[in-house]
Structures are given as C-alpha cells and as structure tokens.
Amino acid sequence: MSPRTSRQAHVEAAAPATPTTPATPAADAFAAPLLAWFDVHGRHDLPWQHPRTPYRVWLSEIMLQQTQVRVAIPYFERFVAALPTVAALAAAPLDDVLGLWSGLGYYARARNLHAAARTCAEAHGGELPRDFDALVALPGIGRSTAGAILAQAWGDRFAILDGNVKRVLARYHGIDGWPGQPAVEKRLWGFAQAHLPRARLADYTQAQMDLGATLCTRHAPACTACPLRPGCVAYAQGRTGELPTPKPGKALPTREATLLLLRDAEGRVLLQRRPPAGVWAQLWSLPEADGEAAARAWFGDHIDGDYAHGEALDSIAHVFSHYRFNMHPRRWRAVATAAAVRDNDDLRWVPRDALAGLGIPAPVRTLVEAQFEQDQEKQP
DNA sequence: AATCCGGGGGT
DNA sequence: ACCCCAGGATT
C-alpha cells in the first residue's frame, strides 16, 4: 500500500469520473436506514445545497469548521452574494474577504480560503480541483473537509469525520475513549469508511451530519426517533449518556495552604468559621493561611506558644471542580489562645463530642477526627 | 502523537 | 468562567 493510499480517505483506488453507481445500495445496516431517514427528516434547504456547486460546498465547509449552522448561514449568503465564484474570491483583496468574515471568528479560515482560491486560480484553472491530495494541499482543507467537498460536490466516495460523525460512530459502535485521541480517531475513521454506501454520497454525507445535529445530540439524544437505534451499541447498553468519552479535563490549577491544627491542654481543637463566600463558605474548619509566613503571623496574633514546636503532618489533597487544593496541616499540642483572643462566633475551642454537630468540610473532619483517634490509642 | 490555535454562542 | 462547535496546522 502506497503512502498516498494509506493517507487517503476514500476506499476506491480512483474516484469515478461520474458518480453513477449500480442501483444496489449497500446492505449496510448503517447507511441504508440513515438515508431513508434523511429523505424524510433531513435538512434539504440549506443555502449551500441550492445550487450545490463545488465552490459553495467548499465555502460552507470552511465556515462550518467549529461553527454552528445557524450562525454560519447569514454569513454564507452574504459571502456568496459578494464573491460568487472561485475566480471572484481569488481576485478580491484580502481585506474584502476579512470584512465578509467579520464576526464569524477564526479568521485564519478566511485567510486560508483566500490563499487557496489564489492557488486554484494559478494552478487549477480557476476551479477547485476534484482530487483528494490536491484539496488537502490547499490551506484550510484537511482530510475531513476534503472528503466532504468531494462527496457533496461530486458524489465521490469519500468519508468525513467531523464532530457529528465522531459522536454518532462512537455511540453506534460503543467506542470508549476521547475521539480526539489518535488511536480512537483512527478507529472512527475505519468505521466511517466501512459504512460508506455505494451511491448517494452527497446525501449520505449530509445525512450523517443531520443525524448528529438533530437527533444524536451531545445531550439528551432522541433515540426513540433514531433510524440507527436497532444496531446502536450505546443504546443497547444504556451508555448514550457517557459516549463519546468527554475530553479529559486539563490539569487543574493548584492552591496550597497551611492548616493550623491547634490543641489546648484539654485536647480540644481550635476551629474557625470560614468566610461567607468562596469554597466551604461559613463552614467550620481549621485556621488556614496562605503559606508558612502567613501561618506564622496568624499564630503570633492568636496563640500563646512557640510556632517552631508545630509538627508537620501529612498533606491532604482535595479536588474541587476548578482547582486542586493541597492542604499542609501543622499540629501543636497544649497551646492556648492569647489573652486578647476569646471564643466568639468565628473562632472557638471545640471538644470531641461537639464535632458531630458542626458543619465541617469532609477532609478537615477526617483529619481532626484522626487526632482524637490517636488520643485514644495513646491513653485508652 | 501531542500540542497549539482560534472566536462566537450557550450554559 | 467554562465548554461546545461541520478541524487544521504545527512541532
């Protein structure tokens, strides 16, 4: 297998000059019901479908990269009205193109579109080439977009793999793993190609995207209306809610804090009420300081004792939705609050039997209760 | 293969 | 503030 073939999205050695194919649609349980559904429920009045020229298909595919259909439609109509052909686009100043793109975002798409049009004008007779490799060589066109253009504009037998198709295939085949992961994406491409029908490639391509956009949605898919339900692994296993596997969350930022675990002569623990806003708002917790210096300062303000007598305990990691909280507890025994500091609404010495009645963050409660357990072991 | 890039819209 | 969306380019 040549490198060229292995990189290709198509499954035939060469695309047929005309899309005419024997009227024996593949018996694939995927494509056939999907096409039948598309005939009745698919989207047939999108602006780039009438007329469905290569240039309009290309423009729509670029506009729809990372952009929702509803958002792209008015931009598409404005754009093709101003620049109706590849030649017109190639001849236009870049500033005009960017002006037509203004508000759509991802402006590199517009710059690439313009550059690609000029390449077409110079190297492809002023038209978009009907060739997979030539398309992929143009800026802004990758494997999926090239396949979409060839299939939709000419009915050539190429697969696509956009966000919609990834979602549909991941569910239909019960594929675990984030689709952006190369190994997962490779499997998805394999299925995308295996399901290609022998005819109606333009409709089939649109049908996949319509299914993903209207039924097999990210949240609350309409499985009861889905033509692919009979063969859908995720549906059979009740896993439509967990497939496709979501993108792994990026590394959470971390925050470090020192916790002061203070015991008095009676063994009570000093607890402090947390501020009214923020995490663990208004719960009782250990006095907390941002770092050693702040801990030392708080100790000096509130406690009679020697800070250096504190012993470092094992750190505690707690993960919030938006950051990782690393707590570094430090323990003192038999200390007292300074004369000026008295129990109040926000700071008090708490005996063991009063812990249960207080709102205390779970990791802090675990830490404090472990202290009392240690007391018992030492003097049963 | 992993990372970066990009901007509007919805939550 | 965060995630999603008809991905591609770069390293």
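Residue numbering restarts at 1 for every chain, and letters A, B, ... go by the order of the sequence lines.
Every ring pair (Phe, Tyr, Trp, His ring centres under 6.0 Å) that A/Phe191 has, sequence neighbours left out, goes to A/His173. Considering only residues two or more places apart in sequence or on other chains, A/Asp306 meets the side-chain contact (heavy atoms from CB on, under 4.5 Å) condition with A/Ala308, A/His309. Residues forming a ring pair (Phe, Tyr, Trp, His ring centres under 6.0 Å) with A/Trp298 (at least two apart in sequence, or on another chain): A/His302. Applying the ring pair (Phe, Tyr, Trp, His ring centres under 6.0 Å) rule to A/Trp58 yields no partners; only residues at least two apart in sequence or on another chain are considered. Contacts of A/Arg43 classified as salt bridge (Lys or Arg N to Asp or Glu O under 4.0 Å), with partners at least two apart in sequence or in another chain: A/Asp210. Every side-chain contact (heavy atoms from CB on, under 4.5 Å) that A/Arg52 has, sequence neighbours left out, goes to A/Val57, A/Ala202, A/Asp203. Among residues two or more places apart in sequence or in another chain, the side-chain contact (heavy atoms from CB on, under 4.5 Å) test is passed with A/Pro230 by none. In this view, A/Phe38 and A/His44 satisfy the ring pair (Phe, Tyr, Trp, His ring centres under 6.0 Å) rule, not counting sequence neighbours.
As rounded to whole Å, 11 Å separates atom C1' of C/dA6 from atom CG of A/Leu161. C/dA6 atom C1' lies 16 Å from atom CG of A/Leu188, rounded to whole Å. The distance from atom CD of A/Gln65 to atom P of C/dC4 is 19 Å, rounded to the nearest whole Å. A/Lys247 has its NZ atom 11 Å from the C1' atom of C/dC5, to the nearest Å. Nucleotide C/dA6 holds its P atom 17 Å from the CZ atom of A/Phe76, rounded to whole Å. Between A/Ile62 atom CD1 and C/dG8 atom P the separation is 8 Å, expressed in whole Å. Look at CZ on A/Arg143: it is 11 Å from P on C/dG8, rounded to the nearest Å. As a whole-Å value, the separation of A/Ile149 CD1 from C/dA6 C1' is 12 Å.
For residues 211-233 of chain A, there are no side-chain hydrogen bond (donor to acceptor under 3.5 Å, both in side chains) pairs, not counting sequence neighbours.
Around atom CG of A/Asp301, more than 12 heavy atoms belonging to other residues, nucleotides or ligands sit under 6.0 Å away.
Here A/Gln206 lies in heavy-atom contact (under 4.0 Å) with a base. Across all strands shown, A/Trp101 has no heavy atoms under 4.0 Å from either base or sugar-phosphate atoms. Within 4.0 Å (heavy atoms only), A/Ile160 reaches no atom of the nucleic acid at all.
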* Asked: Along nucleotides 1-11 of chain B, 5' to 3', which nucleotides get a B, which get an S, and which get a -, given that the test is a protein heavy-atom distance under 4.0 Å?
  -> SS---BBSSS-

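Of the side-chain N and O atoms in A/Ser60, none sit less than 4.0 angstrom from OP1 or OP2 of C/dA6.
As rounded to the nearest Å, C/dC4 and B/dG6 have C1' atoms that lie 14 Å from one another. For B/dC4 and C/dA6, the P atoms lie 24 Å apart once the distance is rounded to whole Å. Using atom C1' as the reference point in both B/dC5 and C/dC5, the two lie 15 Å apart (nearest Å).
Residue A/Arg109 places no side-chain atom within donor-acceptor reach of the base of C/dA9, judged by atom type and a 3.5 Å distance cut-off alone.
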* Asked: Is there a ring pair (Phe, Tyr, Trp, His ring centres under 6.0 Å) between A/Trp101 and A/Tyr106 once you walk through the steps?
  -> CA-CA 9 Å; A/Trp101 208 269; A/Tyr106 285 117; 9.9 Å; no

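Using a cut-off of 4.0 Å between Lys/Arg side-chain N and Asp/Glu carboxylate O, A/Arg352 and A/Glu373 are scored as salt-bridged.
For A/Leu46, whose side chain is taken as the heavy atoms from C-beta onward, the closest listed nucleotide among C/dG8, C/dC5, C/dA6 is C/dA6.
If you find the closest nucleotide of DNA chain C to A/Ile141 and to A/Glu61, the one lying nearer the 5' end belongs to A/Glu61.
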* Dot-bracket encoding per residue of DNA chain B, Watson-Crick/G-U cut-off under 3.5 Å, | denoting interstrand -> |||||.|||||

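A/Arg143 forms no cation-pi arrangement with A/Phe158, by the criterion of a distance under 6.0 Å to the ring centre and an angle within 45° of the ring axis.
A heavy atom lying under 4.0 Å from DNA chain B marks none of the residues of residues 163-172 of chain A.
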